[in-house]
Each structure stands twice: as structure tokens, then as C-alpha cells.
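These notes are about the structure you will find just below.
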Number of protein chains: 2
Amino acid sequence: MIRSQFLVERQDIDPVAFFREKGLRVTHQRVEIFREIAESREHPSAETIFEGVRRRMPSLSMDTVYRTLATLEELGLVMRLTHPRGGARYDSMAITHHHFICLECGEIMDCFAASGEAPLLEELTDRVSAVRSVHVEIRGLCSHCHHTSNHNLPLMGES
Amino acid sequence: MIRSQFLVERQDIDPVAFFREKGLRVTHQRVEIFREIAESREHPSAETIFEGVRRRMPSLSMDTVYRTLATLEELGLVMRLTHPRGGARYDSMAITHHHFICLECGEIMDCFAASGEAPLLEELTDRVSAVRSVHVEIRGLCSHCHHTSNHNLPLMGES
DNA sequence: GTGTTTAATAAGAAATATTCCTATTAACGA
DNA sequence: TCGTTAATAGGAATATTTCTTATTAAACAC
Ligand SMILES: [Mn+2]
Ligand SMILES: [Mn+2]
Ligand SMILES: [Zn+2]
Ligand SMILES: [Zn+2]
């Protein structure tokens with residue numbers, strides 16, 4: 001049985017209530033790390049999140065950042081993206097959405113749109129039982145990079 | 001201007017001719033590394049590719065594997081996937097396709113289907129100039145893992 | 001074929017990113 | 001308030017990828 005509906009809007013999550021519901025302790029670290037991501041529109045790295053939260057909480061450790069991000073990802077509150085230039089980026093998942101990543105400057109832009117996974121999964125239905133997430137990653141050149149430098153990338157639709 | 005057509009089948013690439021066309025030297029390492037991926041259906045890691053090629057070429061270094069994989073990716077001959085459990089996986093791109101990844105066992109399955117990126121990009125057309133690739137990554141549980149263990153993953157379509 | 005040029009490689013060090021280990025802390029239920 | 005134990009801090013360890021430099025070999029001119 002395939003779960004193939006889409007996540008709907010899920011904004012204004014109260015992390016305190018959410019952790020409690022899941023039986024997880026409501027630590028300052030969890031609350032602050034979640035808030036740091038939820039308030040960012042920048043797809044921050046673990047390091048960036050660490051630096052941001054550490055201003056308010058100087059004892060914070062990197063291990064807690066990674067551990068908490070993994071927890072938040074399991075809970076479905078946060079999405080981990082892998083950036084072509086190494087390292088992961090994190091994104092609060094208020095709304096299911098997708099990404100465009102510029103191969104030149106690394107900028108990540110949000111793309112909001114439904115994407116039907118059903119047609120992709122048709123041939124796999126006997127091997128796949130449950131869908132957790134669908135993510136579309138588009139790579140290319142942003143307008144800025146396209147106009148400012150010379151590139152030799154093979155693009156889609158060219159021979 | 002958005003390049004939004006799809007890659008068509010591109011099988012039976014002759015790596016020797018391809019490298020030559022691009023002005024790159026045709027080294028044994030490049031040819032063997034490309035063949036190793038092209039002949040694999042397994043989405044191998046850099047380490048796996050290294051071990052496979054090293055059997056035929058004992059002096060091969062890991063650095064050459066990474067360097068060559070980056071070159072092949074730039075040429076559009078190979079696709080790099082990031083695996084949730086760390087490390088990259090490589091895939092020969094004979095045909096544009098997408099992936100299902102099991103969050104329990106890590107297995108990667110191919111999904112062959114066109115995916116229209118145009119609707120996703122509509123709102124970004126002024127910020128995006130050229131599309132290099134579109135990749136859909138679906139995560140969830142494979143049938144085997146779904147039936148053999150207990151999970152508590154929030155799935156799509158559930159409240 | 002021989003020699004020249006230089007891109008590409010091997011080896012290992014270094015940098016990055018992430019996870020592990022363990023003593024300590026603090027969240028929370030009693 | 002107290003006890004239990006999940007969670008954290010700090011640092012070590014691991015894993016992955018990139019860098020540095022001397023050496024090799026692919027391509028090319030002769
Ligand atoms: Mn985003
Ligand atoms: Mn594949
Ligand atoms: Zn850019
Ligand atoms: Zn599985």
C-alpha cells in the first residue's frame with residue numbers, strides 16, 4: 001500500500017508541544033535549534049546553525065546540533081539537503097517544496113509546487129511499501145552566474 | 001531562457017571517443033573507472049568503485065577515483081547521488097532516471113519516468129537561466145523492510 | 001620511433017564533516 | 001524535592017573528500 005498523498009501546509013509548529021507529544025524531553029537545545037532553522041530562509045549548514053544558536057547558548061556543542069538535526073529530520077520537522085559542494089544543508093519543512101541549486105555559486109532557491117510521485121513509482125509498487133518524502137532537485141545556473149561567467153556545462157535538451 | 005527538454009537515451013557511450021572529443025587525455029584510469037560504473041547496476045560508492053577497478057589496476061589511487069568521478073559528472077556521463085547514510089553513490093546516466101531510497105536498509109532503486117520541471121520552475125524563471133539536471137528522490141520503506149521491522153516514520157499523507 | 005610538453009596520476013598528508021565515547025547535566029515523573 | 005535516565009558537552013575517533021608534490025605517461029611534433 002503506497003501512501004501517495006501530499007503533505008499539506010504545516011506552519012507555526014510549536015516545537016515544545018511537538019516534542020512533548022512525541023515523548024521527547026523539551027530541552028533548550030532542541031527548542032533553540034528548531035527555532036534557528038524555522039526562522040531562517042537560507043538553507044543553513046550545521047555549522048551555521050551552530051554559530052547562530054551558540055550566541056544565545058554558549059555551551060552548545062556541535063554534537064548536539066547534529067543529533068538534534070537528525071531527530072528533527074526523523075520527526076519530519078526538518079529536511080536535510082545535500083549540497084553539491086559538500087556538507088548538508090537544513091530546511092524547515094513548513095511546506096513541502098523543492099529546490100533549484102546553482103552549480104556555479106551554490107545558491108539554493110525554493111520551488112513550491114506539488115509533484116506527483118505516483119507515475120514514478122508505478123513500476124516499483126511491489127518493491128516499495130511506504131513513501132516518506134518526495135524531493136525534486138533541479139541543478140543548473142542561476143541568472144546571475146549565467147550572465148557573469150563562461151560555462152561549459154552540458155545542459156538538458158542539448159545534444 | 002530555460003532549457004527544459006529532457007535527456008533522451010544515451011546508451012553505449014564509447015568513453016574513449018568521448019574523452020577525445022572533449023580534449024581530455026584517454027587514460028586507462030578514466031576508461032576503467034567509467035566502465036566500472038557503466039557496468040554496475042548497484043549505485044556504487046567511491047570506495048566500491050576503487051576496489052573494483054583496483055583488481056585490474058593495482059596502482060590506482062583513491063584520489064584518481066574522486067577526480068575522475070568529478071570529471072565524469074561534469075561531462076554528464078555520471079550522476080552523483082548522496083546517500084542518507086553518508087558518502088556519495090555514483091550512477092551511470094545511460095538514461096535520465098530517478099531514485100527511491102529505503103530509509104531502513106539504504107537500498108537504492110531506479111525509477112524511470114519523465115518528470116516535468118517546468119511547473120516547478122515557473123515562479124523562478126527570472127532567477128534561473130539554465131537547467132542542467134532534474135532529479136527526483138523518493139524516500140520511504142522498501143517492501144522487505146516494511147514487513148520485517150517496526151517503524152515509526154511519519155509518512156506522507158498522514159496527519 | 002624519439003624526444004618534448006604537460007595533463008594526469010600515486011602517495012600520503014591535510015582538511016572537512018560527522019559520529020562516537022563517557023562523564024556530567026538537567027528534564028520530568030513520582 | 002528526589003531519583004531516574006535521556007540528553008548534553010567536550011573531545012577523541014572515524015569517515016569522506018581534497019590538497020600537495022614528485023613522478024608518470026598521453027599526445028604531439030619531428
Ligand atoms: Mn527550501
Ligand atoms: Mn540509478
Ligand atoms: Zn549562481
Ligand atoms: Zn529496505
B:Lys22 NZ to D:dA27 P, in whole Å, measures 17 Å

Hits for salt bridge (Lys or Arg N to Asp or Glu O under 4.0 Å) against A:Asp63, two or more places apart or cross-chain, chain-then-number order -> A:Arg67

Exercise. Is a salt bridge present between A:Glu73 and B:Arg139, judged by a nitrogen-to-oxygen distance below 4.0 Å?
Worked result: yes

Where do N or O atoms of nucleotides 26-28 of chain C meet protein N or O atoms at under 3.5 Å, pair by pair?
unit_1	atom_1	unit_2	atom_2	d
C:dA27	N3	A:Arg25	NH1	3.3
C:dC28	OP1	A:Val26	N	2.8

To the nearest angstrom, the CD-C1' distance between B:Glu32 and C:dA8 comes to 16 Å

Sorted by number, residues from residues 46-63 of chain B placing a heavy atom under 4.0 Å from DNA chain C are B:Ser59, B:Leu60, B:Ser61, B:Asp63

* Asked: With respect to the phosphate group of C:dT19, does any side-chain polar atom (N or O) of A:Tyr66 fall under 4.0 Å of OP1 or OP2?
  -> no

Without hydrogens or angle criteria, can the side chains of B:Thr71 and B:Thr68 be said to hold a donor-acceptor pair below 3.5 Å?
-> no

>> Side chains of B:Cys142 and B:Met109, heavy atoms from C-beta outward: is any pair under 4.5 Å?
In response: yes

Separation of D:dT24 atom C1' from B:Arg67 atom CZ, nearest Å, is 12 Å

On DNA chain D, more 5' by nearest nucleotide between B:Ala88 and A:Thr64 is A:Thr64

(Q) Within the 4.0 Å heavy-atom criterion, would you say B:Arg30 contacts the bases, only the backbone, or no part of the nucleic acid? (A) sugar-phosphate

| How about B:His144 and B:His146: are their ring centroids closer than 6.0 Å? | no

When rounded to whole Å, the NE2 to P distance for the pair B:His83 and D:dA15 reads 16 Å

Fill in: Validation row, ring centre A:His43 to ring centre A:His83 under 6.0 Å
no

- Message: I'd like to know if the side chain of B:His97 pairs up with that of B:Asp91 as donor and acceptor (distance under 3.5 Å, no hydrogens or angles considered).
- Response: yes

From CZ of B:Phe19 across to C1' of D:dA27 the rounded distance in Å is 16 Å

Give every donor-acceptor pair under 3.5 Å between a side-chain atom in residues 46-55 of chain A and any protein atom, sequence neighbours left out.
unit_1	atom_1	unit_2	atom_2	d
A:Thr48	OG1	A:Ser45	OG	2.9

Looking at A:Arg127 and B:Glu107, does any basic side-chain N land under 4.0 Å from a carboxylate oxygen? yes

Let me check something: any side-chain donor-acceptor pairs from residues 28-37 of chain A under 3.5 Å, sequence neighbours excluded? List them with distances.
unit_1	atom_1	unit_2	atom_2	d
A:Arg30	NH1	A:Arg25	O	2.9
A:Glu32	OE1	A:Arg56	NH1	2.1
A:Glu36	OE1	A:Arg56	NH2	2.0

- Message: Tell me if the aromatic rings of A:His135 and B:His135 count as close, with their centers under 6.0 Å from one another.
- Response: no

Computed from five pairs at either end and rounded to 10 degrees, the angle between the axes of the helix from C:dG1-D:dC30 to C:dA30-D:dT1 is 50°

When rounded to whole Å, the CD to P distance for the pair A:Glu73 and C:dT18 reads 12 Å

